[in-house]
Structure formats: C-alpha cells, structure tokens
Trainee: 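Below are the structure tokens for one structure; questions will follow.
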Amino acid sequence: MKAPGFWYRPPSLAAKLLSPLGSLYARATARRIANATPIKMDIPVICVGNINVGGTGKTPTVIALADRLKSKGWSPQIVSRGHGGSLEGPVQVLERVHSTDQVGDEPLLLAAFAPTWVARNRADGAAKAAEAGADIILMDDGHQNPSIHKDISLVVVDAARGFGNDHVLPAGPLREPIATGLARADALLSIGGPKAQGRFAGLNDLPPDLPHLTGQLKPLPTGMDWADMRVLAFAGIGMPDKFFATLRSLGADVAKTEPLDDHQPLSDALLTRLAAEATALGAQLVTTEKDAVRLPASFRSQVLTVPVRLDVEDWSALDALLDQL
C-alpha cells in the first residue's frame with residue numbers, strides 16, 4: 001500500500017478526522033508494550049527500528065552495523081521477522097536454499113552480510129543465533145516489539161520526510177507518538193543528504209540528551225558506467241523516488257520509472273510488461289538490491305542493480321553505547 005499523500009503534509013482535514021483512530025492505535029501499542037515482560041538474552045541485543053511505517057533505511061543500517069560490529073571484533077547475527085515470507089522459523093536464511101516467498105526479501109539480502117535468522121518469535125530466533133555462535137544480536141525492526149530486552153535501541157528516520165504530519169496511523173505515518181517512541185530509544189539516526197539533514201523536520205522534537213547520528217545512502221562503486229545509459233527503473237521499496245533520484249545522480253538517462261509497493265511480488269505478468277516496455281524504449285531494466293532478490297532466476301540476467309551503502313558521518317555516539325555493553 002502506498003502512503004497517503006496527506007501523511008507527509010501539514011495536518012489536514014483527513015488527518016484531523018482520523019486522529020481519534022490514531023489515538024486508539026497509539027493506546028493499544030502503549031498498552032501492549034507496558035504489559036509485556038521482555039526476555040533478557042545472555043548476549044547483547046541491538047534493535048534497529050523506526051517510529052514511521054514504510055521505508056526509513058533500516059536494511060542498509062543493519063548492513064552497516066553488521067560491518068561496524070565485525071570490524072570491532074564482534075560476531076553479529078541478524079534476527080528478522082521475515083516480512084512476506086511463509087516460514088515461521090526459527091530458521092537460518094541460506095541464500096542458495098531459500099526464496100523470498102519463504103523468508104522475505106530483506107532477510108535474503110541481509111544473509112549476504114551476516115548470518116541471518118527468520119523467526120516469528122524473536123526470542124526463539126535470538127536463542128538460535130546465540131547457539132550458532134553469535135555474541136551480539138542485530139534485531140531487524142521491532143522497536144514496538146516488546147518480546148526481547150534491547151540493550152541498544154536505534155531509531156531510524158528518513159531526514160527528508162521526518163516524522164510526517166506527526167500523527168499516528170491511520171491519521172499519519174507513525175506507529176506511536178514521537179515522544180513515546182523516542183523515550184525508549186538510545187540513539188536516533190536520520191538518513192539523507194546534507195540538504196535533507198538541514199531541514200529535518202523532527203530535529204526540534206528530539207530529547208536533548210538523545211544521541212543523533214546522521215548518514216546518507218551512497219551508491220557502491222561497481223565499475224559500471226551509468227552516464228547516459230538509457231534505463232527503465234523499477235523499485236518496490238518504501239520510497240522508490242529515492243532510488244530513481246540516485247540513478248539520475250549517476251548520470252543515467254531515466255526513460256521511465258515504475259514505482260511499486262514495498263515488497264510487491266514481481267509477477268510474471270509484471271516482468272513481461274516491464275521487459276516489453278524496456279525494449280520499446282531501447283532501455284536497460286534497472287532495480288534495487290532488495291528487489292533483485294525477488295526476481296526469478298531466469299530473469300535476473302536482464303536486470304542491472306544499483307547497490308547502495310549507508311555512510312555514517314560520525315559513529316562515535318554509537319561506539320560509546322557499544323563500549324558500555
């Protein structure tokens with residue numbers, strides 16, 4: 001489902017009318033968290049979550065954190081719910097064994113960077129990861145999931161969109177009120193370029209003692225020359241326009257864009273249509289890493305990908321939290 005436009009504009013009539021439902025949603029979330037008894041694992045748990053629904057950059061953040069932890073001598077493993085997958089788990093994601101239908105697209109991508117487990121019950125997944133040799137858990141999403149005690153909670157937000165109209169679902173894009181969500185956070189990471197960071201709408205809402213990290217997604221140099229390459233770009237991520245903008249920044253001639261819903265299945269009919277349109281336009285099909293793992297093997301040779309990595313300006317605030325573990 002695409003986010004309603006009014007979520008990211010100043011509070012509108014629609015937001016006002018829906019705000020009573022948002023209050024109910026917020027109270028239900030708060031009650032669920034307050035009534036839970038989180039399980040304390042024998043090893044540290046870092047949760048990478050958000051307050052907004054939709055894409056904020058959690059997956060590249062988990063990848064960057066896994067690399068950061070490994071560089072410091074940790075042996076991280078990732079635990080995910082496996083959104084969109086059929087397996088309840090806990091099961092370790094194996095790139096050459098599992099499909100996105102089984103484990104979801106994000107875990108299949110994450111498995112290339114650190115051992116990754118899919119588990120509907122996060123505690124069971126974390127226990128399996130510990131048995132398999134993890135000395136620290138990266139919990140992909142779950143800021144509102146109270147089943148496991150988090151030693152570090154990192155909230156991720158898109159700097160350009162901020163917290164939208166500051167309203168809770170369905171009146172806005174928030175899973176809970178900003179102050180409530182940030183009160184449980186140990187640090188905030190806003191992702192976006194310098195201009196987006198400069199106008200980050202949520203900056204004034206931050207608790208004064210909450211560490212604030214900034215970073216941006218940058219294309220990974222692969223040797224591919226995108227300059228003037230005519231492309232048809234498709235993306236089923238939280239904010240497809242960001243991917244299309246990245247292609248343009250690389251100099252690609254973006255003949256057409258096809259924004260898809262986040263995690264949208266890439267059906268045969270859809271791919272056949274995209275291939276036909278690309279041929280008619282004389283364009284190369286291009287997509288994101290996350291979408292690429294959902295492509296059928298027979299179609300992957302027809303599509304190029306643009307890998308991106310998170311570049312954090314200054315890790316010191318998070319490093320200080322890691323030193324306390």
Trainee: Check side chain to side chain donor-acceptor pair (under 3.5 Å) between Ser71 and all other residues, then give those that pass, not counting sequence neighbours.
Mentor: none
Trainee: Apart from Val231 itself, what residues make up its hydrophobic cluster, given side-chain heavy atom links below 4.5 Å?
Mentor: Met224, Trp226, Met229, Ile237, Phe243, Phe244, Leu247, Leu250, Val254, Val286, Leu304, Val306
Trainee: For residues 315-324, which residue pairs pass the salt bridge (charged side-chain N to carboxylate O under 4.0 Å, His left out) check, not counting sequence neighbours?
Mentor: Arg68-Asp319, Lys72-Asp319
Trainee: Test of understanding: with salt bridge (charged side-chain N to carboxylate O under 4.0 Å, His left out), list the residues that count as partners of Asp186, not counting sequence neighbours.
Mentor: none
Trainee: Arg9: which residues meet the salt bridge (charged side-chain N to carboxylate O under 4.0 Å, His left out) condition with it, sequence neighbours left out?
Mentor: none
Trainee: Output all residues satisfying salt bridge (charged side-chain N to carboxylate O under 4.0 Å, His left out) with Arg81, sequence neighbours left out; order by chain, then residue number.
Mentor: none
Trainee: Which residues pass the side chain to side chain donor-acceptor pair (under 3.5 Å) test with Asp253, sequence neighbours left out?
Mentor: Arg230
Trainee: Taking salt bridge (charged side-chain N to carboxylate O under 4.0 Å, His left out) as the test, write out the residues that go with Arg273, two or more places apart.
Mentor: Glu258, Glu277
Trainee: Taking salt bridge (charged side-chain N to carboxylate O under 4.0 Å, His left out) as the cut-off, I'd like each qualifying pair that reaches into residues 206-227, sequence neighbours left out, listed once.
Mentor: Lys218-Asp311
Trainee: For residues 87-97, which residue pairs qualify under salt bridge (charged side-chain N to carboxylate O under 4.0 Å, His left out), counting only residues two or more places apart or in two chains?
Mentor: none
Trainee: Quick one: ring pair (Phe, Tyr, Trp, His ring centres under 6.0 Å) partners of His83, sequence neighbours excluded?
Mentor: His263
Trainee: Out of curiosity, Leu318 CG to Thr61 OG1, how far, rounded to the nearest 0.5 Å?
Mentor: 10.5 Å
Trainee: Checking Lys290 now: which residues fulfil side chain to side chain donor-acceptor pair (under 3.5 Å) with it, not counting sequence neighbours?
Mentor: Glu106, Asp262
